[in-house]
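What you see below is based on every heavy atom in this structure, not just the backbone, and it leaves out hydrogens, waters and symmetry mates.
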Amino acid sequence: MPFNTELTRRLGITVPVVQGGMQHVGYAELASAVSNAGGLGILTALIWPEPEGLRQEIRKCRQMTTKPFAVNITLLPALVPPDYDAYAQVVIDEGIKIVETAGNSPGPVIAKLKKAGCIVLHKCTTIRHAQSAVKLGVDFLSIDGFECAGHVGESDITNFILLSRARQTLKVPFIASGGFADGQGLAAALCLGACGINMGTRFLCTVESPIHIKIKEEIVRAQETDTALLLRRWRNTTRLYRNKVTEQALKIEQESKTGEFSEIAPYVSGQRGRQVFLNGDPEYGVWTAGQVIGLIHDIPTCKDLITRIEKEAEEAIRQKLELFTPAAKL
């Protein structure tokens with residue numbers, strides 16, 4: 001059953017599945033594999049310390065797929081913020097027409113991208129932030145429930161409620177993000193009003209994902225209870241895989257008498273998290289994972305995964321339609 005949603009029509013994809021932008025993961029190998037399989041692959045801009053690195057990766061991805069792919073630009077608090085404008089300019093110069101944005105104060109970047117004719121998907125965790133993004137002119141909203149990996153926001157609203165609120169209130173199409181791994185989830189998201197789904201952790205655990213096989217095997221082994229929330233004290237709540245480093249950091253967060261971020265900073269180093277994906281030691285540093293790890297039981301290729309999701313979603317929708325019996329006409 002070919003899907004025909006606002007997402008597939010506008011983006012030129014065949015299956016309404018988006019690969020989330022992931023730090024240390026969103027390289028051309030994964031993005032092109034997702035796009036070649038019919039979904040929307042995404043390169044993560046801030047993997048590269050300089051915008052020129054992103055330019056080269058875009059060109060590399062173009063050699064690996066003729067299908068649409070996107071770039072993620074996430075704006076997060078930093079002592080020395082990246083030159084977001086320069087990354088956006090590279091995206092525009094290279095002719096990328098789909099961009100996923102996320103984070104704080106994205107207005108100037110979104111305005112620049114829209115002026116250049118880009119389709120903008122903006123990720124947010126509350127309806128209030130979604131409505132603000134609508135005013136900025138975004139084309140799609142990626143609605144991120146509390147189940148998601150990484151930055152979950154501070155409202156703790158799960159997708160079942162959040163997506164229904166989005167359906168009731170938003171005037172632009174939205175994508176469901178957080179907690180999705182299979183076709184049943186896609187079917188449910190469509191029924192709740194979404195035009196597709198965004199998956200991060202599920203794509204982390206695929207053949208083409210550029211992380212160590214031992215981390216993929218750890219995801220397969222893990223349960224939905226094997227995540228933890230960190231940095232709530234500083235209103236930067238992040239969902240992480242629950243390992244020894246996460247537990248140590250959480251203990252400091254809960255017991256610190258000063259509340260100085262410097263006490264916990266060595267434990268949440270992004271470089272240590274990157275090394276986890278390279279050395280295969282799941283206990284070496286903190287790394288993000290959603291509660292969806294409890295639904296992941298294999299390491300397929302992106303093509304096999306997306307084909308399976310498409311088939312499962314079709315079967316789920318057809319089976320549920322059989323539950324409906326029209327009233328007899330008198």
Side-chain angles (χ1 to χ4, degrees), residues 20-25 44 46-47 74-82 102-104 123-126 129 144-159 161-162 177-179 181 200-202 204-205 209 211-296:
M22 293 177 281
Q23 190 69 358
H24 312 312
V25 179
T44 302
L46 297 186
I47 286 177
T74 298
L75 297 83
L76 293 174
L79 293 176
V80 182
N104 302 322
K123 184 177 288 188
C124 41
T125 58
T126 69
H129 291 138
D144 231 7
F146 180 60
E147 306 95 317
C148 74
H151 298 280
V152 301
E154 309 303 320
S155 300
D156 299 0
I157 304 172
T158 57
N159 255 329
I161 300 300
L162 197 57
S177 180
T201 306
R202 175 64 272 197
L204 193 64
C205 194
S209 169
I211 69 172
H212 201 286
I213 183 62
K214 289 185 178 179
I215 303 303
K216 299 177 188 181
E217 291 170 348
E218 186 73 6
I219 292 172
V220 170
R221 183 205 64 77
Q223 302 297 313
E224 62 274 13
T225 51
D226 291 333
T227 71
L229 297 176
L230 198 63
L231 306 183
R232 172 135 294 182
R233 187 168 185 168
W234 296 278
R235 296 190 63 77
N236 190 25
T237 306
T238 302
R239 187 178 297 283
L240 303 166
Y241 179 74
R242 186 183 289 273
N243 62 14
K244 292 177 182 178
V245 179
T246 301
E247 293 283 11
Q248 291 167 350
L250 190 59
K251 189 173 190 297
I252 293 171
E253 178 175 355
Q254 293 170 343
E255 297 180 1
S256 170
K257 291 181 170 56
T258 67
E260 292 292 334
F261 185 77
S262 58
E263 294 182 43
I264 200 174
Y267 294 86
V268 295
S269 163
Q271 283 305 309
R272 284 184 68 172
R274 181 173 182 270
Q275 286 302 313
V276 167
F277 292 157
L278 296 176
N279 66 26
D281 180 0
E283 301 291 336
Y284 184 81
V286 298
W287 50 284
T288 61
Q291 291 180 325
V292 75
I293 55 176
L295 303 181
I296 297 172

Apply salt bridge (Lys or Arg N to Asp or Glu O under 4.0 Å) to K244 and E247, showing your working.
-> CA-CA 5 Å; K244 292 177 182 178; E247 293 283 11; over 6 Å; no
Evaluate the criterion side chain to side chain contact (heavy atoms under 4.5 Å, CB included) for residue pair L295 and R202; output intermediate values, then yes/no.
-> CA-CA 9 Å; L295 303 181; R202 175 64 272 197; over 6 Å; no
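Of the N and O atoms on the side chains of D144 and T125, not one donor lies less than 3.5 Å from an acceptor on the other residue.
Shown here for H212 and L278, the closest heavy-atom pair between the two residues is CD2-O, 3.3 Å. Nearest heavy atoms, I296 versus C205: CG2-SG, 3.9 Å. Here the closest non-hydrogen pair linking A149 and G290 is CB-N, 3.2 Å. Closest non-hydrogen pair, G259 versus W234, comes out as O-NE1, 3.1 Å. Scanning both residues, E253 and L230, for their nearest heavy atoms gives OE1-CD1, 3.3 Å. Residue N243 comes nearest to G285 through the heavy atom pair ND2-O, 2.9 Å, listed as atom of the first residue, atom of the second, then distance.
For E263, the side-chain contact (heavy atoms from CB on, under 4.5 Å) test picks out I252, S256, T258, E260, with sequence neighbours left out. For Q23, the side-chain contact (heavy atoms from CB on, under 4.5 Å) partners two or more places apart in sequence, or in a different chain, are T44, L46, I47. Checked against side-chain contact (heavy atoms from CB on, under 4.5 Å), V276 has the following partners two or more places apart in sequence or in another chain: I215, Y284, W287.
A salt bridge does not link K214 to E217: none of the charged side-chain nitrogens sits closer than 4.0 Å to a carboxylate oxygen.
Between the OG atom in S177 and the CD atom in E147 there is a gap of 9.5 Å [rounded to 0.5 Å]. Here the straight-line distance linking atom OG of S209 with atom CD1 of I219 works out to 7.0 Å at 0.5 Å rounding.
Within the 3.5 Å criterion, the main-chain N or O of N236 finds a donor-acceptor partner in the side chain of T238.
Remark: of the listed residues T246, V152, I293, I293 is the sole one forming a side-chain contact (heavy atoms from CB on, under 4.5 Å) with T227. Under the side-chain contact (heavy atoms from CB on, under 4.5 Å) rule, H151 has a single partner from L76, T288, L231, which is L76.
Other residues, nucleotides and ligands contribute more than 12 heavy atoms inside 6.0 Å of the CZ atom of R272.
Annotation: cation-pi pair R239/F146 present, NZ/CZ under 6.0 Å from the ring centroid and within 45° of its normal.
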